[in-house]
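Worksheet for the structure shown next.
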Amino acid sequence: MTSLIRHVDFDCADPYALAGFWAAALDYRLGDDDHPGDPEVLLSSTGDGTGPVLLFLRVPEPKQVKNRLHVDLQPTDRTRDEEVVRLLGLGATQIADHRRPDGSGWVVLADPEGNEFCVERSAAERSG
């Protein structure tokens, strides 16, 4: 292997607030040295910067266009529809609904700063 993905970065106006949304969405932890007002905040499944890591960076410009890269979430302990409701309650907004009558499909949401992401069916819904 020649390279690893070290971080997935999110440009944003308020790194601490946006990291808080994603921490709640993913059950991740902020680093012990991350505080409100910091120009960058690290978020990981372990809290120590190991595992899949998200890095939130303060930038001066607002989001302009649709994301060219986004994450797809798959709930582990609830249905897709239950997860969409939970994420909306955390502050996400619904952008598009691609659910089909047969139960397949996904929902496109945006985090509080407008970064799009998708919510797919859970593994149980896919196999059931």
H35 and D33 side chains, donor-acceptor separation under 3.5 Å | no
With no hydrogens and no angle check, do the side chains of W22 and D111 hold a donor and an acceptor under 3.5 Å apart?
-> yes
Given the rule that I, L, V, M, F, W and Y join up when any side-chain heavy atoms are under 4.5 Å apart, are V8 and V41 in one cluster?
-> yes
W106 versus R100: any side-chain heavy-atom pair under 4.5 Å?
-> yes
Could you tell me whether a side-chain N or O of E113 sits under 3.5 Å from a main-chain N or O of P62, the two making a donor and an acceptor?
-> no
Output the distance between atom CG (L57) and atom CG (D38), rounded to the nearest 0.5 Å.
-> 11.5 Å
Examine distances only and state if a side-chain atom of R78 and a backbone atom of V84 form a donor-acceptor pair shorter than 3.5 Å.
-> no
Under the salt bridge (Lys or Arg N to Asp or Glu O under 4.0 Å) test, residues paired with E116 that sit two or more places apart = K63
Within a strict 4.5 Å, meaning less than it, do heavy atoms of the Q74 and E83 side chains meet?
-> no
Close side-chain approach of L18 to P112, heavy-atom, < 4.5 Å = yes
If only atom types and distance count, is the side chain of E120 paired as donor or acceptor with the main-chain N or O of C118 below 3.5 Å?
-> no
side-chain contact (heavy atoms from CB on, under 4.5 Å) between L109 and L73, worked out | CA-CA 10 Å; L109 301 179; L73 303 183; over 6 Å; no
Hey, quick one: are I5 and V71 part of the same hydrophobic cluster, counting side-chain heavy atoms closer than 4.5 Å, chains of contacts allowed?
-> yes
Verify the distance criterion only: is there a donor paired with an acceptor across the side chains of T79 and D81 at less than 3.5 Å?
-> no
Could you state whether L26 and V107 fall into the same hydrophobic cluster, counting links through intermediate Ile, Leu, Val, Met, Phe, Trp or Tyr residues with side-chain heavy atoms under 4.5 angstrom apart?
-> yes
Got F56 and D11 here, is their nearest side-chain heavy-atom distance under 4.5 Å?
-> no
OG (S122) and CD (E82) are apart, to the nearest 0.5 Å, by 8.5 Å
Reported CG-to-CG distance for the pair N67 and N115, which is rounded to 0.5 angstrom | 5.0 Å
Close side-chain approach of H7 to L42, heavy-atom, < 4.5 Å | yes
ILVMFWY network linking F10 to V59, side-chain heavy atoms under 4.5 angstrom = no
Look only at the side chain of R80 and the backbone of G105, and say whether a donor-acceptor pair between them is shorter than 3.5 Å.
-> yes
Check: F117 and D72 side chains under 4.5 Å, non-hydrogen atoms | no
Is there a side-chain contact between H98 and V108, using heavy atoms and a 4.5 Å cut-off?
-> yes
OG/S45 to CG/L54 distance, rounded to the nearest 0.5 angstrom?
-> 9.5 Å
The side-chain contact (heavy atoms from CB on, under 4.5 Å) partners of A110 (sequence neighbours excluded) come to T93, I95
Rounded to the nearest 0.5 Å, the CG atom of L43 sits from the CG atom of D34 at a distance of 8.5 Å
Below 4.5 Å, heavy atoms only, C-beta onward: do R58 and P15 meet side chain to side chain?
-> yes
